[in-house]
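Below is one structure, written out as structure tokens; the observations come after it.
Every value quoted in this text rests on a predicted model; they were computed, and no experiment measured them. All chains are named by letter (A, B, ...) in the order of the sequence lines, taking the proteins before the strands, and each is independently numbered beginning at 1.
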Number of protein chains: 2
Amino acid sequence: MPRRRCRWRSEKWWQGEFRGYGYRFTIPRQIILQVLDESKEHLSAEDIYLKVHQLYPAIGLTTVYRTLELLVNMGLVSKFDFGDGRARFELSPKTDQVSHHHHLICTNCGRIIDYNDFVKEELELIKKIEKELARKYSFEIKNHNIQFYGLCDKCSTLKK
Amino acid sequence: MPRRRCRWRSEKWWQGEFRGYGYRFTIPRQIILQVLDESKEHLSAEDIYLKVHQLYPAIGLTTVYRTLELLVNMGLVSKFDFGDGRARFELSPKTDQVSHHHHLICTNCGRIIDYNDFVKEELELIKKIEKELARKYSFEIKNHNIQFYGLCDKCSTLKK
DNA sequence: GAAGGTAATAGTAATCATTTTCAATTACAT
DNA sequence: ATGTAATTGAAAATGATTACTATTACCTTC
């Protein structure tokens, strides 16, 4: 089992990222990144707030929202909508802690399955599409989102 | 120029769809489908309500929401989230009034561009992925969603 | 063709995630 | 150490969507 480094104590690679943008690397920002780094799940803003709050009760929900927005703009975090009325957040794959993946969403129970089968093929096609669309529509593509909706095994059998 | 048939006067093919589900084909439902059929844009619930309201002021916003939910469940309408906090609705491609397409979303101005370049290739890959994921995760895929985020030509040049 | 029963509707009020406001605090360059 | 703009937290505001309730439209059965 790989030993987990205590990332948030040492000078973090994120810190440089903040400096580059001219942002301060404050405690709330550190803690929020730490929480995102530690749980690979698809956390809502409130989920994150609750975890952050355990580590650092002084950090408020507003700050969580504000920080997440910042991180999304910086490209460190990806924001998703799975159709349940609340946004979800994950560290971006470019942070290389996380492998590139997409999502299966059960429209019945809300379960989310990450998959990375075919991601290579998907990414190849996406790259090709991006290039063509950039040319045709003069559109500068920064990001993409692929998701499948349907019924997970449990809900699928339940409905029969 | 193809002559537009006056679809909502004649017995509409939708009507049968409703009967099949055991739902009534009421005036609000007709009008909402008509509005969706006439404007190929990406309308929010309120956009739809305003258009519906011009044709039939008695129809309320609640009914619009309820009907859209019904239509989405029936598969006649697709629901999208473009990240601006309100859902958007379009007639589904399966209604064959609309060609299958995906979306480019400008994260700066919110402009939406429909594209159907590469859709054939996308659909082929998607079909392959669906089959594999269905097997591997016992997941019954009903639908998919592909979108690209970035900057449209105007916003891209503005930022330089 | 009328009565009865259920589905569908409108309007209002409530909900709930997310933003805004604003005064107080803090990071960090000097 | 200090000044200053960036950052923060609490409370209030916002805005899309949903719940509730009384009413109405439609279909069936007689």
I'd like to check the ring pair (Phe, Tyr, Trp, His ring centres under 6.0 Å) partners of [X]; sequence neighbours left out, ordered by chain and number.
| X | result |
| --- | --- |
| B:H102 | B:H100, B:H144 |
| A:Y21 | A:Y23 |
| B:H53 | B:Y49 |

Requested in this report: Could you note down all residue pairs passing salt bridge (Lys or Arg N to Asp or Glu O under 4.0 Å) where residues 57-86 of chain A supplies at least one of them, sequence neighbours left out?
Outcome: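 Listed by first then second residue: A:D84-A:R88.
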
Protein-nucleotide distance ([X], atom [atom1]; [N], atom [atom2]), rounded to Å:
| X | N | atom1 | atom2 | result |
| --- | --- | --- | --- | --- |
| A:D84 | D:dA16 | CG | P | 19 Å |
| A:Q30 | C:dA27 | CD | C1' | 11 Å |
| B:L70 | D:dT18 | CG | P | 13 Å |
| A:D47 | C:dC16 | CG | C1' | 15 Å |
| B:E46 | D:dT18 | CD | C1' | 16 Å |

Practice prompt. Can you establish whether the number of heavy atoms outside A:F80 located under 6.0 Å from its atom CZ is more than 12?
Written response: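 Yes, because the 6.0 Å sphere around CZ of A:F80 holds more than 12 heavy atoms from other groups.
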
message = Going by the rule salt bridge (charged side-chain N to carboxylate O under 4.0 Å, His left out), which residues pair with A:K131 if we only count those two or more places apart in sequence or in a different chain?
response =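 Per chain and number, A:K131 pairs via salt bridge (charged side-chain N to carboxylate O under 4.0 Å, His left out) with no residue.
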
Legend entry - Along DNA chain D (nearest heavy atom to each residue), the more 5'-positioned of B:A87 and A:V64: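 Going by which nucleotide is closer to the 5' end, it is A:V64.
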
- Message: Please compare B:R86 and A:A58 by the position of their nearest nucleotide in DNA chain D and report the one closer to 5'.
- Response: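 Result: A:A58.
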
NA contact type, A:I59, heavy-atom cut-off 4.0 Å: base, sugar-phosphate, or nothing?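 If one applies the 4.0 Å heavy-atom cut-off, A:I59 turns out to touch the sugar-phosphate alone, with no base involved.
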
_Closest listed nucleotide, where the reference is the side chain of A:P28 and the choices are C:dT18, D:dT8, C:dT9_ =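 So the nucleotide nearest the side chain must be D:dT8.
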
task = Tell me which nucleotide among D:dT8, D:dA16, D:dT17 gets nearest to the side chain of B:A45.
result =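 When the side chain of B:A45 is considered, D:dT17 is the closest of D:dT8, D:dA16, D:dT17.
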
message = Evaluate A:D153 against A:S156 for side-chain hydrogen bond (donor to acceptor under 3.5 Å, both in side chains), listing each step before the verdict.
response = CA-CA 5 Å; A:D153 51 354; A:S156 182; over 6 Å; no

Are any of A:T26's side-chain N or O atoms less than 4.0 Å away from OP1 or OP2 of D:dA6?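 No, because none of the side-chain N or O atoms of A:T26 sits under 4.0 Å from OP1 or OP2 of D:dA6.
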
Check: protein-nucleotides 19-26 of chain C nitrogen or oxygen pairs below 3.5 Å:
from: C:dT26; atom 1: O2; to: A:R24; atom 2: NH1; distance (Å): 3.1

